[in-house]
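Chain naming here is simple, since letters A, B, ... match the order of the sequence lines and numbering starts at 1 in each.
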2 protein chains.
Amino acid sequence: MTPVNLKSLAKELNMSIATVSRALRDSHEVSEATKQRVRALAAARHYEPNAYASSLRRNISKTIGVVIPKVANHFFALAINGIEEAARQAGYHVLIYLTHDDYEREVSIVQHLKGGRVDGLLMSVASSTQDFAHLRGLKEANIPIVFFDRVCAEINTAKVTTNDYESGYQATEHLIRAGCRHIAHLLISNNLSIGQFRQQGYLDALMAHGHAPDPGLILHGVMDNEQNVALIRELLLRRPDIDGIFASVERLAISTYHVCKELGRRIPEDIKVIGFSNLEAAALLDPPLSTITQPAYDIGREAAKILLRAVEKKKAVLPGQSVVLESALFARRSTAG
Amino acid sequence: MTPVNLKSLAKELNMSIATVSRALRDSHEVSEATKQRVRALAAARHYEPNAYASSLRRNISKTIGVVIPKVANHFFALAINGIEEAARQAGYHVLIYLTHDDYEREVSIVQHLKGGRVDGLLMSVASSTQDFAHLRGLKEANIPIVFFDRVCAEINTAKVTTNDYESGYQATEHLIRAGCRHIAHLLISNNLSIGQFRQQGYLDALMAHGHAPDPGLILHGVMDNEQNVALIRELLLRRPDIDGIFASVERLAISTYHVCKELGRRIPEDIKVIGFSNLEAAALLDPPLSTITQPAYDIGREAAKILLRAVEKKKAVLPGQSVVLESALFARRSTAG
DNA sequence: CTGTTAGCGCGTTCAT
DNA sequence: ATGAACGCGCTAACAG
């Protein structure tokens, strides 16, 4: 099995390696006749350039890395879809890394990536991440980074998010208008900016409509879903006055459904529910779940395009622009007045 | 910004590049003292080896490619999760490529990958793929491949699937036992083996219980979901005797729900439904959807492990072993007797 | 237009 | 136990 590379092609064609290389890259400084011969043989031999040799020489990998907490989550799956699309169109490859929301793993991944395996990085930070030293080093490594959805405020670079504050406000206002007087807010307890924005929207909407925020109505969920179910059950039993729930995370909305069924609390008659969710089947739930749905595909695509633009220009540092795409509110029977 | 590489480290330590390289690779032919010094400086300078130089030299990329139709699908998302886990544990990187069930794209991707960018390939073939020439070339390129879920029978290599025939049989039998007399089967019309296996299970189950298979009850869906809804509507109107539906694909099951609601056909009173689905929220649908659920994470993980074992052994060709994992049937209210 | 030469950063000889 | 030298496959600078 003789290897098919520039050298073997050049030998068979009786020309230099450089000429073959130029011909295949369609250089203007090579005759059309030569190009034809080279291309013909390359096709016949099924020549494929060695990506690593090329990367090493040009110091460009034509690869971007995507670091996300998880992939078994409709939001991230759709985002990857958008990222892959943008990357493919630009001739880039996509490396996937999952942090599982683990800080150590995130650090390890990012550290490794500084070795030059990727030309740029797309990232949604892990919820457990608080120290961002590992991200600062990227600038020195000449690797631009674009955050999407779960951004890191401390790093000055491009960010693509959704209008989380407004969405939280709208969701809460929607419940208020549907007649809810005691609206609980379920969120995952971490230091992610999106959670904070959504919560602030919730709080401000309450205030704007003359409802006094009640700390006892805010439930901080955890990673383990079993525990969340227990926490929600406890909350609903402790506060039977709750007549509305705004879940900041899809999983908490789903768990709310389970608990309500268990406790015999009817949705939406007893409690109205709305949640952040990208669940396709939300409309088919029993009852249908009202949702705030993020344009996940567009977020991924937009973030990738911004990154690739920077990569092409060899800009290691991106301007701290913040692109905000809008989520959509789908009111369904779960919040019917 | 002086680059941090073996050369710069060697210069600063007053030793040769070779020694630094050996020390970092923990070679036994270098003194412990030297190792300490090298490692200390490498850590201080945040040295990361250049993956491409290493790959070029060793002819090993420590990277596997995953080629799948889509990622915004719970099955594939979970599979990637399993793949990434196995890869990470073995120190491998994961490149993702989406075919969108397009044959041309699949060929283009596979062709490109022959350039040596990956050490191995995991693949679920596109539904439109009929010619497998592009896959045969992989053996010459020394790239082992493992198929999962959507396998290619014509290529002799390892495959990881679920027991699709048995699942189709069980699903149908479940409907029969629930009292259904006219069971329709919805599948996506393509040449994928899984669809054929599931259909055969359906047919055999009917026969085994004395039901004569009726071609008029088998609906071949298409890619476009709008059309599927129309086709299902037409089928239910044309055959009001249908009292059971076995959907071979999640999306068709969901569409069935929509059509039934539209036509006022109650589930499960009028029609009982069961479908292949990895939808987490299936239990919360209205009414709950009975499902055949594949162990997607395990499929991905298992496939990756088999591939990585071959990669480590530099085996370009894998024995044609077929690993079959079992799906689980979750009977819910949608098929209640 | 084409050939020669010189690396990219690393791992592996072969010396010593 | 360490260093010098070569080459993986490719691209770019410089000749001619």
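Across the protein-nucleic acid pair, A:Leu6 atom CG and D:dA12 atom P stand 12 Å apart, rounded to whole Å. In this structure, the CG atom of A:Asn50 is 6 Å from the C1' atom of D:dG9, given to the nearest Å. If you measure from atom CD1 of A:Ile60 to atom C1' of C:dC8, you get 13 Å, rounded to the nearest angstrom. Following rounding to the nearest Å, A:Leu24 (CG) and D:dC10 (P) show an atom-to-atom distance of 9 Å. Across the protein-nucleic acid pair, B:Arg22 atom CZ and C:dT13 atom P stand 11 Å apart, rounded to whole Å. Here C:dT16 presents its P atom at 22 Å from CE of B:Met15, a figure rounded to the nearest Å. One interatomic measurement links the two molecules: CG of B:Leu9 to P of D:dT2, which rounds to 16 Å at whole-angstrom precision. One atom, OH of B:Tyr52, and another, P of C:dG11, lie 15 Å apart when rounded to the nearest Å.
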Inset, instruction - Give the C-alpha distance, both sets of side-chain angles, the deciding distance and a yes or no for side-chain hydrogen bond (donor to acceptor under 3.5 Å, both in side chains) between B:His134 and B:Gln111. - result: CA-CA 7 Å; B:His134 58 301; B:Gln111 184 55 32; over 6 Å; no
Legend entry - Full working for side chain to side chain contact (heavy atoms under 4.5 Å, CB included) between A:Val71 and B:Val71: CA-CA 9 Å; A:Val71 66; B:Val71 65; 4.2 Å; yes
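For B:His93 and A:Tyr97, the side-chain atoms include at least one donor-acceptor pair closer than 3.5 Å. Judged purely by distance below 3.5 Å, without hydrogens or angles, the side chains of B:Ser128 and B:Asp101 never pair a donor atom with an acceptor atom.
Residue B:Val125 comes nearest to B:Cys152 through the heavy atom pair CG1-CB, 4.2 Å, listed as atom of the first residue, atom of the second, then distance. Counting all heavy atoms, side chain and backbone alike, B:Leu95 lies closest to B:Arg117 at CD1-CD, 3.7 Å.
If you check residues 30-49 of chain B against DNA chain D, the residues with a heavy atom closer than 4.0 Å are B:Val30, B:Ser31, B:Thr34, listed by number.
Contact annotation for A:Asn59: no contact, since no heavy-atom pair falls under 4.0 Å across all strands.
When the side-chain nitrogen and oxygen atoms of A:Ser54 are compared with OP1 and OP2 of D:dT11, one or more of them lie within a distance under 4.0 Å. A:Ser21 has no side-chain polar atom (N or O) that falls below the 4.0 Å cut-off from OP1 or OP2 of D:dC10.
Among the nucleotides C:dG3, D:dT2, C:dT2, the one closest to the side chain of A:Ser16 is C:dG3.
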Nucleotides 5-8 of chain D: which of its N/O atoms have a protein N/O under 3.5 Å away?
unit_1: D:dG7; atom_1: N2; unit_2: B:Arg57; atom_2: NE; d: 2.8

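Within a 6.0 Å radius of NZ in B:Lys70, no more than 12 heavy atoms belonging to other residues, nucleotides or ligands are found.
In this structure, B:Glu48 contributes its side chain and A:Lys114 its backbone to no donor-acceptor pair below 3.5 Å.
B:Arg88 CZ to A:Ile109 CD1: the interatomic distance, rounded to the nearest 0.5 Å, is 8.0 Å.
Along DNA chain C, the nucleotide nearest to B:Ala51 and the one nearest to B:Glu29 differ in position, and the one closer to the 5' end is contacted by B:Ala51.
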